[in-house]
Amino acid sequence: MSTAHLTIDLDAIVANWRSLDSATDCETAAVVKADGYGLGAVRVAKALAKAGARRFFVAAAEEGAQLREALGHGPEINILSGHMSGDTDMIGDLNLTPMLNSVDQLTRHVEALPNTRFGIQIDTGMNRLGMEPSEWAAIAPIAVRQRPTLIMSHLACADEPNHSANQEQLKVFKEITEGLGIRRSLAATGGILLGKEYHFDLTRPGVGLYGGDPFGNAKPVVQLDLPVVQIRDVAVGESVGYGYSWTAEEPSRIATVAAGYADGLIRAMSGNTRLFHEDIACPIVGRVSMDLITVDVTHIKGNPRYLTILNDQQSVDDLAADAGTIGYEILTSLGARYSRRYMGL
Ligand SMILES: *Cc1c(COP(=O)(O)O)cnc(C)c1O
């Protein structure tokens, strides 16, 4: 096997969903946009549906269509980009629930698909998606009569518990939504951890399900094993890889493993991170290239067949920190070339 193995632990995803669910008294949905943060939306959503999740969120209607096909009629599938022009047939035929972001979207939806489900997104400060509070105020009486299934907003700084924006957004959200008789949702993973005030009727965790920060107690979900293509001896003064960026200062053994930046192991990891053989850390030396990474295995006995870059010892967030990014980006960049194996369920 010359491609790397990505092992995805569905039981760990379910356990993470359950523990985020047990942190609140309300319903817990699951966010599976971007193909389940790169781990396979269909597999993840099926596992979570079996565990009791009844609501899923995706970014685009196309993602919702794929999910509807996999999950059948039961679960509610919410579309965060709302009702975009051209999506009417998909939304109507597949019973998707758009989270409407503007008066234009609301008009489009009620005209094209009257008496079908929709939610409302309100901007409470992030200035990314949702109606402005003033916009909402103008159309609220009409919109409420159409019986939205959910009114929601999104926190911009929930991963920083002491950031003043959290309280400010909470206050705006409460003012806008109190007494409407519509179910409410404000919290993603970070918001769940901010406490009860932020929970309302429904939470929408994503990254925490997949083992990422800010859910510190998450179970690790992914393991990524890279096959060793060859191992060579490198003498003092010899260099390794593009740009000769690393030069041996002692007699070294260098393993070349089969994955690179085309597989989401971004070039910024060059020289900054490590792979593991059992629990021994082996530093990346030289530059990460498109399909290959060179690793110092001087201190390892024998010839390992695989070296591991993600496991219980090195999380997506550890790897992200080494590469100057966030766990979300590492997860969603995990490459299409990996052979994927699902554990559990
Ligand atoms: C992505 C997203 C979520 C999930 O966020 P996490 O930080 O991954 O838990 C929830 N709600 C909205 C609107 C999102 O865009």
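Heavy atoms only: backbone and side chains are in, while hydrogens, waters and symmetry mates are out. In listed order, ligands and their atoms are each counted from 1.
At a heavy-atom cutoff of 4.0 Å, ligand 1 is contacted by the side chain of H154 but not by its backbone. The proximity of L80 to ligand 1, defined as any non-hydrogen pair under 4.0 Å, is limited to the side chain. Counting heavy atoms closer than 4.0 Å to ligand 1, residue F57 contributes nothing at all.
The distance criterion of under 3.5 Å between nitrogen or oxygen atoms is met by G206 with respect to ligand 1. By the 3.5 Å distance cut-off applied to N or O atoms, R128 is counted among the residues near ligand 1.
For the pair R341 (side chain) and H5 (backbone), a donor-acceptor distance under 3.5 Å is absent.
Salt bridge annotation for E76-R117: present, with a cationic side-chain nitrogen under 4.0 angstrom from a carboxylate oxygen. Between R274 and D322 there is a salt bridge, since at least one side-chain N of the basic residue sits less than 4.0 Å from a carboxylate O of the acidic one. E27 has a carboxylate O that lies under 4.0 Å from a charged side-chain N of R55, or vice versa, which qualifies the two as a salt bridge.
In this structure, R128 and D123 approach most closely via the heavy-atom pair N-OD1, 4.1 Å.
Nearest to atom 6 (P) of ligand 1 by heavy atom, out of I326, L155, V207, is V207.
Close contacts between ligand 1 and T189 involve ligand atoms 6 (P), 9 (O) [criterion: under 4.0 Å to a heavy atom].
More than 12 heavy atoms of other residues, nucleotides or ligands sit less than 6.0 Å from atom CE of M126.
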